[in-house]
Amino acid sequence: MKVELKMSPENAIIIAATLQAVYNSKAVTRRDKSTLSIALDVAAKFDAKAVNLKAKMNLFDSKNKITVSLKFHEADMLELILVQQLKCIEPPYIRLEIQKTINHLNQKLA
């Protein structure tokens, strides 16, 4: 099953920056290693998308929505990571953008 997320380029860059914490994670148990593997795949997808967007982005493209295609387990992991990271985010605008993505994912996964 695929989950299609439509978001603004700015939101994709915010999500990619939020997922950077995954790269500092350590896994001990077999379950942790499996979870971390999925989380790293999701972070890599958003990193690639963010790099691509930063290279191409101009003032006129900022209004266009982009589509990120995730497998069901990747979308579920993204939601879990964002919920966990939301506690550490201070700026209200970034918290709002992340919460919008969490809500959108929750609707798609239900």
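One is the number of the first residue; the rest follow in order along the sequence. Just the heavy atoms: all of them, side chains too, but no hydrogens, waters or symmetry mates, feed the values below.
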- Message: Please check: side-chain N/O of E74 versus main-chain N/O of K71, any donor-acceptor pairing under 3.5 Å?
- Response: yes
- Can F72 be reached from I15 by stepping across I, L, V, M, F, W or Y side chains whose heavy atoms are under 4.5 Å apart? no
- Query: Hey, any chance L80 and L78 share a hydrophobic cluster, counting ILVMFWY side chains that come within less than 4.5 Å of each other, even indirectly?
  - Reply: no
- Task: Any chance you could measure T101, atom OG1, to L96, atom CG, to the nearest 0.5 Å?
- Result: 9.5 Å
- Message: Pair K33, T29 - check side chain to side chain contact (heavy atoms under 4.5 Å, CB included), show working.
- Response: CA-CA 6 Å; K33 289 177 183 177; T29 66; over 6 Å; no
- Task: Look at atom NZ of K26 and say whether more than 12 heavy atoms of other residues, nucleotides or ligands are closer to it than 6.0 Å.
- Result: no
- So CG of N106 and CD of Q99: to nearest 0.5 Å the spacing works out to 9.5 Å
- Message: Please tell me whether L82 and Y93 are part of a single hydrophobic cluster in this structure, the criterion being side-chain heavy atoms less than 4.5 Å apart.
- Response: yes
- Message: Same cluster or not: V22 versus L105, using hydrophobic residues (I, L, V, M, F, W, Y) connected whenever any side-chain heavy atoms lie under 4.5 Å apart?
- Response: yes
- So, R95 side chain and E90 main chain: donor-acceptor pair closer than 3.5 Å or not? no
- Message: Is a donor from one side chain sitting under 3.5 angstrom from an acceptor on the other, for D32 and T35?
- Response: no
- Shortest non-hydrogen contact from A12 to I66? CB-CD1, 3.6 Å
- Message: To the closest 0.5 Å, what do you measure between CG (L5) and NZ (K65)?
- Response: 11.0 Å
- Item | M77 CE to L40 CG distance, which is reported to the nearest 0.5 Å | 10.0 Å
- Message: Assess, by modelled atom type and distance only, whether the side chains of E4 and S69 contain a donor and an acceptor separated by less than 3.5 Å.
- Response: yes
- Message: Against E97, only a single residue in I13, I14, T18 fulfils side-chain contact (heavy atoms from CB on, under 4.5 Å); can you say which?
- Response: I14
- Item | Heavy-atom side-chain proximity of E79 to L109 below 4.5 angstrom | yes
- In this structure, CG of L70 is separated from NZ of K45 (nearest 0.5 Å) by 5.0 Å
- For the residue pair A16 and F46, what are the closest heavy atoms and their distance? CB-O, 3.6 Å
- Query: What about V68 and V51, same hydrophobic cluster or not, with Ile/Leu/Val/Met/Phe/Trp/Tyr joined at side-chain heavy-atom distances under 4.5 Å?
  - Reply: no
- Query: Under 3.5 Å, is there a donor-acceptor pair between the Q107 and N103 side chains?
  - Reply: no
- Query: Within the distance-only criterion (no hydrogens, no angle test), does the side chain of S34 pair as donor or acceptor with the backbone N or O of R31 below 3.5 angstrom?
  - Reply: no
- Query: Considering all heavy atoms of both residues, which atom of I81 and which atom of A39 are nearest to each other, and what is their separation?
  - Reply: CD1-CB, 3.6 Å
